[in-house]
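Below: the structure, in structure tokens.
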Amino acid sequence: MSNDVPAWRLKSSLSGIEWPAVPDVRGSLVYSLFRQMESEQWLAPQEIAARQSVQLGQIVRHAALNVPWYREHWPPGLLARLSDGEALSAEAFASLPCLRRRDLQAQFVQLQSGALPAEHGPLTDSSSSGSTGTPVRLRKTYLNQLIWEALTLRDHAWHRRDLQQTLCIIRRGEADQADNWGLPTRMFHTGPAYLCPVSVDVQAQLAWLVERAPGYLLTYPSLALQLASLALAQGVRLPGLREVRTFGEPLDAQVRQACHEAWGVPVNDTYSSEEFGYLAIRCPHSGHYHVQSENVLLEVLDDDDQACAPGVCGRVVVTGLLNFAMPLIRYELGDMAEAGPPCPCGRGLPVLTRILGRTRNMLVTADAKRYWPTFGFRDSAAGVGSGGPRIIQRQVVQTALDHVQIRYVSASALAPEEEGRLAAQVAQRLPPGVSVSAQRVDAIARSANGKFEEFVSAMTAPPDAP
């Protein structure tokens, strides 16, 4: 495969110098990292794994020597061997206990490094409210920001984006506009970028998109579905739109179909977290996700903590390879994903075929079996049944092992027979013995981080769930 990148136009940082362009120091560092990653992604999987293993040994040894929490919880024998400079074996790494979200929440100080290479740059603190509103505090370095920017360029390059186009973003935050796409593309000439808060009414968001005429739209999958469904219902076209980009929530075929029908554009997704940044980027050839091995080691583990074979779903456990300020080693993210075989595109990066979402989005039955429910709601803005009132929003909540409730927002209450049809539609997607009821509510709020969950189970959310 070719490792050529799109013909983006570099921007010079020196007054009076237009060509050849001379980017600023930060832009040059990011561009250098990006080009290195684009070249080495074509290495054989074994070679990528070997290089990653060397970096894994570096971060694990640093954590063993400098982070109090690991010195307390890791086997003394391993700590001694690492202190003596012994190489980290795969077996030793697999024996390390998983770090859980509650540990990160409770042990912020103990998980910080007592020493940090000065050349990794200044520290920054951040926090994430998470899907449940439970805060997590993090400490990162300047290097981590550079890696995030380089991987953003990789995402743009893989999907051959035209940076001169207008970028529209709908997510949490305040309304904003800029004459460029942001820090990752600071070294290139780009079109403008506009941000619309996710809290704005969907009808107003669609009107805002029509006014801005974007080439690219970046938002949550659930909101992309709402916007595309509303556009279809009202015949609203976005003729300049080239692609919908999604993040933050599981992406399913329903979103892709709606965006294709409404605007004739593809949907491309990224998998990321506040703790690590980019975890995986959707392959432009196969549609699967490539783990960003330069940034993280991502394991998919079964209930016995063994690596899942391709085609098998398991828990996502992540080790950050580059954050020496607050190393997160074997951190249980709280997500479920499906491991995949090598990708036919030729990239040697590991593959996830599906990202299923949080464990709290699994339905659990009385016999302890777990399911990923999908309900096939085609159009959140359309009515239930012919001529029925319009449902604006809906969410399915498991309130007991044998019962789920459909909570819906609509312009007017559904008639009993319409609620019955809605309940029957959901019941078809559930295991036997699970009853369904429907309740109209005034609103269904997004989580503190702006995300929306179509299904939530109170039965599968342990106290430390992300």
Side-chain angles (χ1 to χ4, degrees), residues 1 3 33-34 36-60 88-94 96 98-99 144 147-148 150-155 157-159 247 250-251 268-273 275-323 327-357:
M1 288 286 184
N3 61 358
L33 284 166
F34 158 68
Q36 181 183 164
M37 292 173 179
E38 284 301 275
S39 174
E40 295 187 352
Q41 68 185 351
W42 303 109
L43 294 172
Q46 301 91 322
E47 180 62 25
I48 289 178
R51 297 189 184 195
Q52 186 184 62
S53 179
V54 173
Q55 183 57 38
L56 177 65
Q58 294 283 338
I59 192 74
V60 170
L88 177 71
S89 68
E91 294 76 17
F93 178 74
L96 296 177
C98 288
L99 176 69
N144 300 134
I147 295 298
W148 175 77
L151 291 175
T152 299
L153 289 185
R154 168 180 271 180
D155 181 29
W158 281 12
H159 299 289
F247 69 102
L251 174 67
N268 286 306
D269 191 45
T270 56
Y271 180 35
S272 63
S273 74
E275 294 92 335
F276 301 100
Y278 281 93
L279 301 174
I281 298 175
R282 187 169 184 263
C283 178
H285 302 284
S286 69
H288 295 157
Y289 292 80
H290 282 292
V291 176
Q292 302 302 287
S293 294
E294 303 91 345
N295 186 41
V296 295
L297 169 64
L298 189 150
E299 302 174 82
V300 180
L301 304 180
D302 62 20
D303 291 340
D304 296 322
D305 288 341
Q306 300 299 306
C308 292
V312 177
C313 295
R315 298 162 16 247
V316 175
V317 175
V318 183
T319 296
L321 298 174
L322 304 171
N323 185 1
L328 299 182
I329 311 296
R330 303 202 83 200
Y331 179 74
E332 190 150 358
L333 201 59
D335 284 351
M336 301 288 289
E338 181 181 292
C343 186
C345 75
R347 293 177 176 86
L349 299 168
V351 171
L352 300 176
T353 50
R354 288 191 299 162
I355 298 159
L356 297 168

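The first residue of the sequence shown is numbered 1, and numbering continues consecutively from there.
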From Gln52 atom CD to Asn295 atom CG, the distance as rounded to the nearest 0.5 Å
10.0 Å
CD1/Ile59 to CG/Leu322 distance, rounded to the nearest 0.5 angstrom?
7.0 Å
[X] side chain vs [Y] backbone, donor-acceptor pair below 3.5 Å:
| X | Y | value |
| --- | --- | --- |
| Asn323 | Leu328 | no |
| His285 | Gly346 | no |
| Asp302 | Asp304 | yes |
| Gln292 | Tyr278 | no |
| Glu332 | Cys98 | no |
| Arg330 | Ala94 | yes |
| Thr152 | Trp148 | yes |
| His288 | Val351 | no |
| Gln41 | Glu38 | yes |

Under a 4.5 Å cut-off applied to non-hydrogen side-chain atoms, are Tyr271 and Leu298 in contact?
yes
